[in-house]
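Please read the structure below before turning to the comments.
Lettering follows sequence order; numbering is per chain, from 1. In this text, all values refer to a predicted model and were calculated from it rather than measured experimentally.
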Amino acid sequence: EPEVTQTPSHQVTQMGQEVILRCVPISNHLYFYWYRQILGQKVEFLVSFYNNEISEKSEIFDDQFSVERPDGSNFTLKIRSTKLEDSAMYFCASFWDIGSEQFFGPGTRLTVL
Amino acid sequence: KQEVTQIPAALSVPEGENLVLNCSFTDSAIYNLQWFRQDPGKGLTSLLLIQSSQREQTSGRLNASLDKSSGRSTLYIAASQPGDSATYLCAVITGTASKLTFGTGTRLQVTL
């Protein structure tokens, strides 16, 4: 069964460093989202991407964040200069059409020291 | 702004019991509602999706109902098993952006 994959599973970085989190969505899906979950808190929306552009972003998604779909399969989230408060589990999700079931990857645990 | 609440926050039941998890949302103009399961330190596994026009969905031992007008959904788990132990998350989509708004979850433990 097709699934969303994410790499790495765990990333440890120093404050101020750049990180890139990678996702491979399900192949025929058209919508690609990033969510994050700070330990003990709710899963929260970061950004949505459709037709090669951002369709919506949350207030969390500031200038330090960017997303890209560099080829036909990968979907990346870049944090330019990480902060301690960026430590969280980051989930990629993909789906076929508005209102359809969203499928999540296993997540990348980002730890900023 | 949509707010999603799940009650109870934690639940422990003996194996074999039937149980109900509750989810409520403040804005009834939802597009759909999705239930997920999350194991500790892991990703989200989709369990059921209910469109706003539907009243319920079933998958195996799981049955989810939706009462849009009252802003409520329930997830019914029949004949619980220790393997059902996990956190169950409810999430709704409001508007056309398709972003999910999540509840804080119900942590379920099924004991032998």
Side-chain angles (χ1 to χ4, degrees), chain A residues 1-7 9-10 21 23-26 29-51 53-61 88-111, chain B residues 1-7 9-10 23-27 29-54 57-59 62 64 66 68 73 86-107:
Chain A
E1 187 172 325
E3 58 182 16
V4 178
T5 60
Q6 290 185 243
T7 55
S9 57
H10 192 186
L21 310 183
C23 168
V24 179
I26 293 173
H29 286 181
L30 301 178
Y31 295 81
F32 314 109
Y33 285 35
W34 284 100
Y35 293 84
R36 80 172 185 187
Q37 185 179 34
I38 294 171
L39 188 64
Q41 297 187 21
K42 293 184 181 185
V43 177
E44 52 190 350
F45 167 79
L46 288 179
V47 65
S48 58
F49 194 85
Y50 169 72
N51 201 25
E53 61 183 22
I54 291 173
S55 44
E56 185 169 346
K57 56 186 180 181
S58 72
E59 55 200 29
I60 302 166
F61 195 88
M89 191 77 145
Y90 288 80
F91 295 110
C92 172
S94 72
F95 55 101
W96 163 245
D97 196 4
I98 295 291
S100 65
E101 190 174 6
Q102 296 195 21
F103 294 89
F104 280 67
T108 292
R109 180 171 300 284
L110 176 65
T111 302
Chain B
K1 183 186 169 187
Q2 180 73 271
E3 296 285 344
V4 181
T5 304
Q6 291 186 246
I7 294 173
C23 171
S24 61
F25 43 94
T26 54
D27 183 351
I30 65 168
Y31 204 85
N32 63 29
L33 183 146
Q34 199 166 345
W35 281 94
F36 294 88
R37 168 189 173 131
Q38 185 175 29
D39 292 284
K42 304 291 185 183
L44 308 178
T45 301
S46 178
L47 297 173
L48 289 163
L49 172 75
I50 310 180
Q51 302 287 353
S52 61
S53 57
Q54 297 175 314
Q57 278 283 1
T58 298
S59 176
L62 305 180
L66 174 64
K68 207 174 87 158
S73 175
T87 296
Y88 290 80
L89 300 174
C90 163
V92 299
I93 290 178
T94 313
T96 58
S98 269
K99 61 182 180 184
L100 289 165
T101 300
F102 283 83
T104 46
T106 293
R107 191 169 66 252

Chain B interface, residue from A:G99, A:G105, A:G107, A:P106 that has the most non-hydrogen pairs under 4.5 Å: A:G99
Proximal component of A:Q6, with respect to chain B [non-hydrogen, under 4.5 Å]: neither
A:K42, NZ: over 12 other non-hydrogen atoms inside 6.0 angstrom: yes
Chain B contacts, top residue of A:E44, A:E56, A:Q102 (heavy-atom pairs, under 4.5 Å): A:Q102
Chi angles and distances behind the side chain to side chain contact (heavy atoms under 4.5 Å, CB included) call for B:S98, A:Y33: CA-CA 9 Å; B:S98 269; A:Y33 285 35; 3.2 Å; yes
Gap separating the NZ atom of B:K99 from the OH atom of A:Y31, nearest 0.5 angstrom: 15.5 Å
Separation of B:T45 OG1 from A:F104 CZ (nearest 0.5 Å): 10.5 Å
From CD (A:Q41) to CZ (B:F102), nearest 0.5 Å: 14.5 Å
Positions in residues 88-97 of chain A that reach chain B, provided some heavy atom is under 4.5 Å away: A:M89, A:F91, A:F95
Between CD1 on residue B:I93 and OG on residue A:S100, distance to nearest 0.5 Å: 8.0 Å
When A:F103, A:Y35, A:Y50 are compared by non-hydrogen pairs under 4.5 Å with chain B, the top option: A:Y35
Option in B:L44, B:N32, B:V4 with maximal non-hydrogen atom pairs under 4.5 Å from chain A: B:L44
